Number of protein chains: 2
Amino acid sequence: MSKVRDNGNPAVRSLPCTQCPLRRRKTFRDFEADELDFVGRFKKGDLAIKKGATVLVEGAHNPHLYTVLSGWAFRYKLLDDGRRQIVNFAMPGDLIGLQGSLMGEMQHSVEALSPMVLCVFEKAELFSLYERFPALAYDLTWMASREECMLDENLLTVGRRTALEKVAYLLVFLLERAQQSGLTGKRTLSITQQHVADTLGISVVHTNKTIAKLAKRGLIAWEDGGCRIVNPEALAELAGWSAGSSVKRPFL
Amino acid sequence: MSKVRDNGNPAVRSLPCTQCPLRRRKTFRDFEADELDFVGRFKKGDLAIKKGATVLVEGAHNPHLYTVLSGWAFRYKLLDDGRRQIVNFAMPGDLIGLQGSLMGEMQHSVEALSPMVLCVFEKAELFSLYERFPALAYDLTWMASREECMLDENLLTVGRRTALEKVAYLLVFLLERAQQSGLTGKRTLSITQQHVADTLGISVVHTNKTIAKLAKRGLIAWEDGGCRIVNPEALAELAGWSAGSSVKRPFL
DNA sequence: CGAGCACTTGAAAGGGGTCAAGATGTGTGG
DNA sequence: CCACACATCTTGACCCCTTTCAAGTGCTCG
């Protein structure tokens, strides 16, 4: 039932929800006893994903719904001629595939940026969650709304911010989320300039030059296939970043 | 309790849900008897909005949740220096303010593009909907997911489509939604070029020139403060538009 | 009848795209 | 262990799509 392969992550062997590491993080709302019990049975097992693997493809009908336990991924859409737009990222505690669960066919693809472990749930049992645990159902809607919020902000970034502001914004956004979700404790993001470009709607070349500019100002440093944020405050300032809410957030 | 002023719309006087015109449209899923009864009591009244009025402002804590009964509006965010990004539109059957209901503070503003009538619900009673009508709760999540889908597509448009494709895409997108929601039966959209520009992340001047190009090709015509779509198929082709699902959608 | 909004158009400037070529680094197969 | 393919990152040159600036035309409205 639970397929597990270790990809360099701490070994996880169909981790029971009672021992879920996310419950201990103070950014997340912990479960009530009966909820924990239900979610534990709702969860069908773990799924290990290799870095670079495609988790879900646009157009697919997948019977599962996932939650990120560790690692991260990006969601994207393609145009016929190959132009790619990264739409958002998924980090620990985030849902993957909810949209497909509700509306049938996936409207976007998901690819792992690092080795990941996902918790697997059964679409078909989703409605029973709504029937038996309204609070969890409410949480799901909450999570969907949070996603919507992030997309709004990303749209603002892609549509109206300058290249320099865009890169600054994205890096602060990702660092903030990575730290809150426990993806990393350090100030580094293991990401490619191509990903940055495809998220912000600009070319790789120009992304590179913009990054060089930020590096010259001492705000960031690009080192061995990733970014180190040297001065998050200055970046946030440049990006016109407004801190997100500090409310505890739910997860599944 | 119910404030109603007619703004040129068909007169509505705290319309009971039993007579809701949306129920008759075949694009919407109708209620079960008990659901209809509940929603009828959940609804606190109608609210008439004038064209150009602000329905909700970013940062506000509004105790209400709305549904569009007639007319339409746009959702937007602002940067400090006034740059504006329109993030999406709300048409009959769409929710307004769900994000604020769940997460507290509104993260965007909403402004009416025409006279509107909204159905007013009480945030505070939202959870009782989750407790008593899981199917409606499921619908709410469905609607949030649908919004997410549209935002994904808009992000793709703003980030990766060319100016010509952008305008073509937006017009097809709006026309399709307007017709499905019953906002209009005609092939016209009463919208400003400034709105188009702010939705697509381009300047008004360039928007104007792009529109002129589409007009010259005979795909659209801009007449007295609005757009008439002359050739929707050609526009869709140009935009790389893929038709949306034809599943009946829920509403509140 | 002036003020203001929405739409046009032209010209000039610039941000960002495309092309090209090169430097590194890394994983694969011979 | 080397060779080669491939991915990622850099840089420079050139060009064009968009922006910005400006000026002008209707139209509506107080």
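Quick note: numbers below take in every heavy atom, side chains included, and nothing from hydrogens, waters or symmetry partners. Residue numbers start from 1 in every chain, and the chains themselves are labelled A, B, ... in the order their sequence lines are given, proteins ahead of strands. Note that the structure is a prediction, hence the values are computed from the model and not measured.
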Exercise. Would you verify whether the NZ or CZ of A:R75 falls within 45 degrees of the ring axis of A:F89 while also being under 6.0 Å from that six-membered ring's centre?
Key: no

Self-check item: Whole-Å gap separating C1' (C:dA6) and CD (B:E223)
Solution: 15 Å

Quiz item: Are B:R83 and B:D198 ion-paired here, with the side-chain N under 4.0 Å from a carboxylate O?
Solution: no

Exercise. Tell me what A:A163 touches on the nucleic acid: a base, only sugar-phosphate, or nothing, going by heavy atoms under 4.0 Å.
Key: sugar-phosphate

Quiz prompt | Closest to the A:K209 side chain, choosing from D:dT11, C:dG16, C:dA11 | solution = D:dT11

Practice problem: Just say parallel, tilted or perpendicular for the rings of A:F74 and A:Y76, cut-offs at 30° and 60°. | Solution: tilted

Quiz item: Below 6.0 angstrom between ring centroids: does that apply to A:H64 and A:F121?
Solution: no

Quiz item: Does a side-chain N-to-carboxylate-O contact under 4.0 Å join B:D94 and B:R249?
Solution: yes

Practice problem: Taking only Lys NZ, Arg NE, NH1 and NH2, and the carboxylate oxygens of Asp or Glu, determine whether A:R146 and B:E148 approach each other closer than 4.0 Å. | Solution: no

Quiz prompt | Nearest-Å distance for atom pair NZ/C1', residues A:K51 and C:dT26 | solution = 12 Å

Quiz item: Nearest-Å distance, CG (A:L164) to P (C:dG14)?
Solution: 18 Å

Quiz item: Can you check the B:H206 NE2 to C:dC7 C1' distance for me, whole Å?
Solution: 16 Å

Quiz item: Roughly how many Å is it from NZ in B:K166 to P in D:dT18, rounded to a whole number?
Solution: 7 Å

Do any N or O atoms of the protein come closer than 3.5 Å to N or O atoms of nucleotides 7-10 of chain D, and which pairs are they?
unit_1	atom_1	unit_2	atom_2	d
D:dC9	OP1	A:W222	NE1	3.1
D:dC9	OP2	A:Q193	N	3.0
D:dT10	OP2	A:Q193	NE2	2.8
D:dT10	OP2	A:N208	ND2	2.9

Quiz item: What's the CD1-P distance between B:I202 and D:dC16, to the nearest Å?
Solution: 20 Å

Quiz item: Whole-Å distance between C:dT8 C1' and B:K216 NZ?
Solution: 12 Å

